[in-house]
> 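Got a structure for you, questions after.
So that the names make sense, note that chain A is the first sequence line, chain B the second, and so on, each numbered from 1. Note that the coordinates shown come from a computational prediction; the quantities given were computed from them, not determined experimentally.
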Number of protein chains: 2
Amino acid sequence: MRAALTAETIMLATEDVLRRYGPGKATVVDVARALGVSHAAVYRHFPSKSALREAVTRRWLGRAHEELAALATDADRPPPGRLRAWLIALYAAKRHAATTDPELFATYRVLAQENSAATAEHVTALLHQLAGIIAAGLASGDFAGDDPAALARTVFEATAAFHHPAHVAEWGGPDRDDALADVCALVLRGLRTAG
Amino acid sequence: MRAALTAETIMLATEDVLRRYGPGKATVVDVARALGVSHAAVYRHFPSKSALREAVTRRWLGRAHEELAALATDADRPPPGRLRAWLIALYAAKRHAATTDPELFATYRVLAQENSAATAEHVTALLHQLAGIIAAGLASGDFAGDDPAALARTVFEATAAFHHPAHVAEWGGPDRDDALADVCALVLRGLRTAG
DNA sequence: CAGATTACAGATTTCAAGATCTGTAATCTG
DNA sequence: CAGATTACAGATCTTGAAATCTGTAATCTG
């Protein structure tokens, strides 16, 4: 007897298919073939191909959040250093994902261009972590200002070159780590004085 | 008698053809047709299609520089305000170009993805203007630091979301002007203290 | 009847052909 | 002989028919 067909197993198979064929070529028929079922069976668990693609990407992005969440809530480290470490880890995670899992990253990139709910949630989750670090900095007096959420969004925008998927092509280049360090330094100086 | 075939007239015709068909469909045969000459005549003035495309884009970008150069060298305005005005004008110029001349902007975007010499020069020119403003700020004591070129690059990176062509899709959205104002404010606060 | 399958219509994609394009060379013309 | 044209080979693009895919509905099965 075959294992029960669940949303979970479908998403696992979809990840494999996406990794193998990429977002442009992967079809739900491919997914069904990989599972040894008819494609209509897949539609019992996901209302559409794009919903399936979103669910898979959401899971994939969720795994990345966990690592970063640990850094964001590390109360042992003073907020400025924590912010710097978080931004560097975010960049490292994105670059790592882009190089080791290019097809899933490409899927994510497609969803980002389409303003999907999955990527919106991803951004929201990251902004929430960022706001937490900044709120800690405001509380400790390391940062100046009064709206951690707004400051988080601004810091996120200012570092877009190091996490926005549209910039993947640049992440391979030399001096990118130094460039991020410089932007971090500038941003941290900006956060220290009144906003 | 027909006007002499010069690089200038070829570039003008190419601009029209690019505007009409976009970078994906425009061919040098189209350009030659528009000029009423054979396509081989075009190859007498430009070594390749991509060289022609680059030349046209370089000219187009050059026109944008001129406006900004006036702002960058406006000694009447104190450097912080000048920097803010310059960044806002840069964003406005890019957004305007993207909306009023979408096909030429698309051409520019293609070249940017291909790391062409034309776009590299464009970036260099912008960084030069930016470094000029920052150098003025360092001289006046409004900014702290010792390397205007490095600071210029850092400011440029931090504002990528508002001038990098990969972000066009976002420029239409609401609150983009506010977002830029916030990033400008953060960057300016960062520049004021020692770097 | 929950969960899967087959069947199907309309949209999208593939594929091979022919057409068009790029870039070069040989040729023409004033 | 400067400046253009025609001619051409190989690469790329169009085109339309066949295949495949998406999503739904009707049907089967334990």
> Among D:dA4, D:dG23, D:dT6, which is the nearest nucleotide to the side chain of B:Ser38?
D:dT6
> Can you tell me how the ring of B:His65 sits relative to the ring of B:His122, calling it parallel under 30°, perpendicular over 60° and tilted otherwise?
parallel
> In the strands shown, is C:dC28 matched to any nucleotide by a Watson-Crick or G-U wobble pair with both distances under 3.5 Å, and which?
D:dG3
> Please pick, from D:dA4, C:dG23, C:dT24, the nucleotide with the shortest atom-to-atom distance to any side-chain atom of B:Ala40.
C:dT24
> For A:His39 and for B:Pro47, locate the closest nucleotide of DNA chain C by heavy-atom distance; then report the residue assigned to the nucleotide nearer the 5' terminus.
A:His39
> Any side-chain heavy-atom pair from B:Asp142 and B:Arg192 closer than 4.5 angstrom?
no
> Could you let me know what D:dC13 is paired to, Watson-Crick or G-U wobble, both distances under 3.5 Å, or none if it's on its own?
C:dG18
> Is any side-chain heavy atom of B:Gln129 closer than 4.5 Å to one of B:Ile133?
no
> Is the ring pair A:Phe156/A:His163 parallel, tilted or perpendicular, if the boundaries are 30 and 60 degrees?
parallel
> Round to the nearest Å and state the distance from A:Lys49 atom NZ to C:dT13 atom C1'.
10 Å
> Pick the nucleotide of DNA chain C nearest each of A:Gly24 and A:Arg44; which residue has the one closer to the 5' end?
A:Arg44
> Given D:dT24, D:dT14, C:dT24, which nucleotide is nearest the side-chain atoms of B:Lys25?
D:dT14
> Checking base pairs now: Watson-Crick or wobble, both atom distances under 3.5 Å. What partners D:dT22?
C:dA9
> Taking the side chain as everything from C-beta on, heavy atoms only, tell me whether B:Tyr108 gets closer than 4.5 Å to B:Leu61.
yes
> Nearest whole angstrom, please: distance from the P of D:dA2 to the NE2 of B:His45.
14 Å
> Considering just the side-chain nitrogens and oxygens of A:Arg33, establish if one lies under 4.0 Å of OP1 or OP2 belonging to D:dC21.
yes
> Of the candidate nucleotides C:dG3, C:dG23, C:dC21, which contains the atom at the shortest distance from the side chain of B:Tyr43?
C:dG23
> Starting at CG of B:Asp30 and ending at P of C:dT20, how long is that distance when rounded to a whole Å?
12 Å
> Which nucleotide in the set D:dC21, C:dT5, D:dA4 lies at the smallest distance from any side-chain heavy atom of A:Thr27?
D:dC21
